[in-house]
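Heads up: the structure comes next, in structure tokens.
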Amino acid sequence: MEDFLNAFVLLSNFALVPALAYGSQLALGALGVTLVFAVLRFSNFAHGETMAFGTMIAIFGTWGLQAAGVSIDPLPTALLAIPLAIVVTIGWVLITDKLVYRFYREKKSDEVILLIVSIGVMFVTAGVVRFAIGVDDQVFTDGERFVFSAREFRTYTGLREGLALRTTQVISVVAAVICVIALFIFLNRTRTGKAMRAYADNEDLATLSGIDAGKVVLVAWSLAAALAVLAGTLYGLDKSFKPFVYQQILLPIFAAAIVGGLGSPVGAIVGGYIIAFAEVLVTYAYIRFLRYLLPQEWLPEGLAQLVGTEYKFAVSFVILVVTLIIRPTGIFNKKPA
Amino acid sequence: MTSPAAPPVAKVSPWRTILPFVVMGGLVVITGFSQSWNVAFAILNLSVISAIMALGINMQWGYAGLVNFGVMGFTALGGMAVILIAADPVDDAWAAGGAGVLLGLLVLIAVGACTYALRKMLGGWIKTAVTLVVIGAGLYAASTFFGPSIDRIEDINPAETGFLGGLGLPVLLSWIAGGFLAAGAAFVLGKIALGLRADYLAIATLGVSEIVIAFLKNEEWLTRGVKNVIGLPRPVPFETEVREEAWFEQLQATLMMDEVTLSSLVVKGAYIVLFLIVLFIILWLAETALRSPWGRMMRAVRDNEMAAEAMGKDVKRLHLLVFVVGSGVIGLAGAMLTTLDGQFTPTSYQPLRFTFLVWVMVIVGGSGNNWGATLGAFVVWFAWVQAEPVGAWTIDLLTSFLGEDNPVREQLVANAAQMRLMVMGLVLLLVLRFFPRGLIPERQR
């Protein structure tokens, strides 16, 4: 029995808990992609850079607050900077909409053109971010590192394996839950939210019924920007901020949104956790886990790792391709894509 | 799928094509005089390689409306071909693990053939189930051969080799091999992903290119991974060899340049000539294809897929063909790039530089027009290189009021090179908005 508990604690510490936090971050990112897709009808390749932009503002805010001596220990100071980052990022995204996307929306350009346009926005945003903060790694996490550390867990439970719970992991999950609940209340209960869903469902019908298309677009961009800031800042707090990584994270985010069904908020959340757990569980080395559960002579040689950690992109990609072949509309989408 | 940003124009005056190239040539000459000829020649070399990549993308996007965001991956596969073909074989490694690796490859090929045959014979759910079982068993069998051999190969003199090496064949052959390698990868990917919507295809190709890079970074037995392969053979003589030639001394006497600079220019010039030959062959082939009835059919498919299909055109086959050929061209360019560098560095492949910059070239130059894509490559690469000094100078000037050692100023000056990302994005957005046909528009044929 104790072996079983040890095995479970080990798996939780190195795989389940990190995957839960990572999944929450992906889900928030994928929600932004899916909202833009539902309302503006294109795949926004600049979303990763929007996340980087928002995180950058949050980091600047954090530095400012730290310099002013403001602290909310044990929580990281960056949380205080998030509102500012959200406001600035919404501003930036709305500027890009006004200067760039609106023209093509009014012309009813093809979605491929919008996709290529978003590459242009991606370049500009990437330039702004790298110009302002540089390409190097930035660690901006402060406050208490652990809710409880592996050693505390071991002394408390008497198990051989320890389970460390990092503050940033708890914050990620809690923030994701709060955001998702708030988003669903907004989409299902408020007038604006319902208008947005109607617009996403049928643009012409919604406009004919007197829904203000401009307002819907504005709200969709703002929500996407806010979600991007949250996803980016939480990811940066949990790991670290590096512009190049934020560009690469676009792939798992798209995978999450597509697996769940582009345009479906529930799908984006489920997709985020599916991708995160798949990435972590497929690249986890199970040898120590198995040592608790299997008799010595049954143990496999080596690390018992299905795929090297380097191939975590491949995991999200394979899931993506399998979804596209079996059910191209994703799990939670009935409309043919 | 979809047509490029704007419909073709009825007539393009030949000057519209020739003049920008003349201006572009003038800019390079000015660079040569004002900065250095070394810089100018280096710009030309990479411009020609980029032009070939842009032609590949133009085939896919300009002729067929396919969005391929996997340029980086195909480029890197072409680079890998240079190792496989031209690097010297490592005999000890072959003795230690060559047989195992070859057996593993044979198993993989057998699995592929079995899967293909079984899928032809069977139908329904059995087909899927059998496919999965065969692939799973095949991968397991292959890994029993691969695993231990790979470890043995990587253990042999890891500081210098630790990989199988190549075949030791002439490096020019690897350009063709690079093309075929990329085309083969594109065939497999195209079979899976070409039926998808445009944005799904874009994401799928982007994903595959990241996986290719991950593969090249980590499979040390094949590419030495992040330890890089250096000292790849060259198709042109070394600078030191050039300096010993009799004609070189004559040339030096006439031009009155110093030995080191001139020899480096001669070598760079030789590369330019080689690359230009390839560029012109591909341009000629692409133009001929576009002018033929086949090209007309391609445009018909691009502009109205459904109508073309109703007329009995096999749209799927055409898309696959143009995807494979375009990716092959990119692979060829990738092999040329690695040859020029003389080394293979997997970490140097970044999507902004290799995938999206090539897209900017095609859009700026004029999608659907081969001369446009070529010009776009020259213009954009020139801007990409020159944006760095110009950006640094501008930032230095704009922040000079802050004082010499202001930290904000130091930070901005240090990051000034990133200005070029902004410049590229702005150029792309402005061209898309105000000149959606690009510098040289597509002509109605």
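Excluded from the calculations below are hydrogen atoms, water molecules and symmetry mates; all remaining heavy atoms, backbone and side chain alike, are included.
Of the residues considered (B:Leu430, B:Leu426, B:Leu412), B:Leu412 shows the highest number of contacts with chain A, using heavy-atom pairs under 4.5 Å.
For the atom pair CG (B:Asn218) and OG1 (A:Thr309), the distance works out to 9.0 Å, reported to the nearest 0.5 Å. The distance from the CG atom of B:Leu429 to the CZ atom of A:Phe103 is 12.0 Å, given to the nearest 0.5 Å. To the nearest 0.5 Å, atom CD1 of residue A:Ile258 and atom CD1 of residue B:Ile203 are 3.5 Å apart. Distance check, rounded to the nearest 0.5 Å: CZ of A:Arg130 to CZ of B:Arg420 gives 11.0 Å. Here the CD atom belonging to A:Gln247 is positioned 4.0 Å from the CG atom belonging to B:Leu352, to the nearest 0.5 angstrom.
Counting heavy atoms from C-beta outward, B:Leu206 and A:Phe45 have side chains that approach closer than 4.5 Å. Using a 4.5 Å heavy-atom cutoff, the side chains of B:Tyr200 and A:Leu262 are in contact.
When heavy atoms are compared at a cutoff of 4.5 Å, A:Leu99 approaches chain B solely by way of its backbone atoms N, CA, C and O. With a 4.5 Å cut-off on non-hydrogen atoms, A:Phe37 touches chain B through its side chain but not through its backbone. A:Phe42 does not touch chain B: none of its heavy atoms, backbone or side chain, sits under 4.5 Å away. Interface residue A:Phe131: backbone and side-chain heavy atoms are both found under 4.5 Å from chain B.
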